[in-house]
Novice: 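Would you mind keeping the following structure in view while I ask a few things?
First listed ligand is number 1; within each ligand, the first listed atom is number 1. Fair warning: this is a prediction, and the values are worked out from it, not measured in the lab. The analysis underlying the following values was restricted to heavy atoms, covering all of them including side chains, and did not include hydrogens, waters or symmetry mates.
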Amino acid sequence: MKDNRIYELIELEKNRQQDNIELIASENYVSKQILDVTGSILTNKYAEGYPNRRYYGGCEHIDSIESLANERLCTIFNAEHANVQPHSGSQANMAVYLTALNIGDRVLGMDLSAGGHLTHGHKLNFSGRLYEFFSYGVDPKTEMIDYDNVKMIAEEVRPKLIVAGASAYSRFIDYAKFAEIAKNIGALLMVDMAHVAGLIAAGLHPNPVEYADFVTTTTHKTLRGPRGGAILCKKEFANSLDKNVFPGIQGGPLEHVIAAKAVCFYEAMQSDFIEYQKQVLTNAKIFSLALKDNGFRIITGNTDNHLLLVDTKSTFDITGKDTERLLDSILITCNKNTIPFDQEKPMVTSGIRLGTPAMTTRGFKEPEFIQVAKWIRMAIDNRNNVDALAVIKQEVLKLTAKFPVSVRF
Ligand code: DSN
């Protein structure tokens, strides 16, 4: 019997995805072929192990699929070894920690409140519970990573592993500098490139693979693939890393998702992918400028990538939480986010994080992002005016109708 309720809910979510302006920096819209492959019969197959080394029969086609995914990923990023089995970015990071560290070892990563990620040592996360994490933040004036400070902390703490990469940091990260700091103290370097992987694949951001021992990523952000994780590493760590993914932390790989990852990598090798990523960057720059013109303070003053952090509290005396809710009411979707040295709690925050990847996929260019910046300011000015908010919402609906999600199909 058909599960009507779930189909109804999917329909509602489909409408929401069409109607809203999607500004969550880590989200995107996959292509029809990625959607189809993710929902394909490959979901029926068990394939514990690796290509040609499985614990189940009948894996000959699955082996070809997974090998292709590995080869494509290595080609894109010029890497020595790839593992496409991690179910998520979190599991990719966990597998690297298990490979590089013993429980209790020291690690240095970016503080979550300064732009890092939960798995970079948050005390409630497995990373902070299993390892002795220390953190670096950003410079109070520039709000950017201060590499001299990172070096100083690294020399004092002497971690076995340094983690570079972030989930809410809008500037270039100097991987060469991180590699130099790590080398000087005999530490390994891991780069979590999840947010900027698509920009790197397109050759528009520096490639960390040449500097880092391990590079982890998700496949669903700027890379525009299915929800999942992947790891790249130097050959010397390949065997140990593979063992730490399976059987270390995972059982059967999700081969339907791995096939969709392979399609994602195929798409990332096409020339229109580069054009798309260029537009992501152009849109982020113009969005940042337009928000500044509308009176907002942009953390670090600008962006080098696909996202911006906006301080709503200091200029408009509205928390990130209230801004997120207000924008939800006019069908603009984003997330509240701590800003450097935030005085508010993580569930409240002083700012929002905005990203351009999803709406760029739908065809937004400079004029649309300039308009969105105006609407965000108008909504804040009219936060208690229900009628004015209703008018903006109608305008949003008119605009999103012109940029259908089905452009991907
Ligand atoms: N939760 C993701 C993000 O939104 O950036 C990172 O994993």
Novice: Once salt bridge (Lys or Arg N to Asp or Glu O under 4.0 Å) is applied, do any residues pair with Asp105, and if so which ones, sequence neighbours excluded?
Specialist: Lys160
Novice: I'd like the residue list for ligand 1, meaning every protein residue with a non-hydrogen atom under 4.0 Å from the ligand.
Specialist: Ser26, His117, Ser167, His195, Lys221, Arg353
Novice: Going by salt bridge (charged side-chain N to carboxylate O under 4.0 Å, His left out), name the pairs with one or both residues in residues 73-100, residues two or more places apart or in two chains.
Specialist: none
Novice: Minimum heavy-atom separation for Ala95 to Ile231, with atom names?
Specialist: CB-CD1, 3.8 Å
Novice: What pairs meet the side chain to side chain donor-acceptor pair (under 3.5 Å) rule with one or both residues in residues 257-266, with sequence neighbours excluded?
Specialist: none
Novice: If we ignore hydrogens and angles and just use 3.5 Å, is the side chain of Asn83 paired with the main-chain N or O of Asn70 as donor and acceptor?
Specialist: no
Novice: Does NZ or CZ of Arg224 lie under 6.0 Å from the centre of the six-membered ring of Tyr29, at an angle within 45° of the ring axis?
Specialist: no
